[in-house]
Amino acid sequence: QVHIVETGGGLVQAGDSLRLSCEASTRTFVYYAMGWFRQSPGKEREFVASIGASGNTNYADSVTGRFTISRDNAKNTVTLQMSSLKPEDTAVYYCGADGTSWGTSRRASDYDYWGQGTQVTVSS
């Protein structure tokens, strides 16, 4: 059982930066792959970025070069640094923990625990 809380969302203008944080309450955080996904109304949950237990990362093509995912195992946190934000980045951003695939997954179904999400709105 992992409790996840995302923070840092807000309303920003196109071109701005925003940093999202995810804190996971688990004694075995170091073994989890962590991922950021986003979802807008009427659309499926979309992969954004993930980071494995070893620190390896994956990014969606739409965010490569603009977003950076990192983790701090001492704090049980994962961060998504977002730069050059675009209106199409507007969505609820969810942090997920993957303790079963033992890798860095781009599939939402591989993640076992999710937070409640944090809203990111980018105005034009």
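For the pair F47 and S105, the tightest heavy-atom approach, listed with the atom from each and the gap, is CE1-O, 3.6 Å. Across all non-hydrogen atoms, the minimal contact from A97 to Y32 is CB-CD2, 3.7 Å. Of all non-hydrogen atoms in A53 and V30, the two that sit nearest each other are CB-O, 3.2 Å. Summarising the geometry of S17 relative to S84, their closest heavy-atom pair is OG-N, 4.3 Å, with the distance given to 0.1 Å. Minimum heavy-atom separation, S40 to A91: N-CB, 4.2 Å.
Identified under the salt bridge (charged side-chain N to carboxylate O under 4.0 Å, His left out) test for residues 39-63, with sequence neighbours left out: R38-E46.
Distance check, rounded to the nearest 0.5 Å: OG1 of T64 to CG of N58 gives 9.0 Å. Rounding to the nearest 0.5 angstrom, the gap separating the CG atom in D110 from the OG atom in S50 is 10.0 Å. With values rounded to the nearest 0.5 angstrom, T77 atom OG1 is found 9.0 Å from M34 atom CE. Remark: T68 OG1 to R66 CZ distance equals 11.0 Å, nearest 0.5 Å.
A heavy-atom distance below 4.5 Å is not found between the side chains of W36 and F67. Within the 4.5 Å cutoff, no side-chain heavy atoms of V5 are placed close to those of C22. Side-chain contact check for Y93 versus E6: every heavy-atom pair is 4.5 Å or farther apart. Residues S70 and Q81 form no side-chain contact, since every pair of their non-hydrogen atoms from C-beta on lies 4.5 Å or further apart.
Linking Ile, Leu, Val, Met, Phe, Trp and Tyr residues whenever their side-chain heavy atoms come within less than 4.5 Å leaves V120 and W114 in two separate clusters. Connection of I69 to F37 is not established within any shared hydrophobic cluster, with ILVMFWY side chains joined at heavy-atom distances below 4.5 Å, either directly or through further cluster members. Y111 is connected to V92 through a chain of hydrophobic side-chain contacts under 4.5 Å among Ile, Leu, Val, Met, Phe, Trp and Tyr, so both are in one cluster. Using a 4.5 Å cut-off between side-chain heavy atoms of Ile, Leu, Val, Met, Phe, Trp and Tyr, with links allowed through other members, I4 and V48 fall into the same hydrophobic cluster. Residues L18 and Y59 share a hydrophobic cluster, clusters being chains of Ile/Leu/Val/Met/Phe/Trp/Tyr side chains in contact below 4.5 Å.
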Can V78 and I51 be said to form a side chain to side chain contact (heavy atoms under 4.5 Å, CB included), step by step? CA-CA 9 Å; V78 60; I51 184 166; 4.0 Å; yes
If you apply the rule side chain to side chain contact (heavy atoms under 4.5 Å, CB included), what do you find for D112 with D98, and how did you get there? CA-CA 5 Å; D112 307 296; D98 174 10; 3.9 Å; yes
Given T26 and Q1, is the side chain to side chain contact (heavy atoms under 4.5 Å, CB included) satisfied, shown in steps? CA-CA 7 Å; T26 174; Q1 189 68 240; over 6 Å; no
Assess whether side chain to side chain contact (heavy atoms under 4.5 Å, CB included) is satisfied between T90 and E88, documenting all intermediate values. CA-CA 5 Å; T90 295; E88 52 262 43; over 6 Å; no
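Shown here are the salt bridge (Lys or Arg N to Asp or Glu O under 4.0 Å) partners of R19, two or more places apart in sequence or in another chain: there are none.
Open room surrounds CD on Q13; 12 or fewer heavy atoms of other groups in view lie less than 6.0 Å from it.
Hydrophobic cluster of L11: no remaining members, since no ILVMFWY side chain lies below 4.5 Å from it.
The residue from V2, N76, D72 that alone fulfils the side-chain contact (heavy atoms from CB on, under 4.5 Å) condition with F29 is N76.
Using a 3.5 Å distance cut-off with no hydrogens or angles, the side chains of S21 and E23 do not pair a donor with an acceptor. A side-chain donor-acceptor contact under 3.5 Å links T104 and N56.
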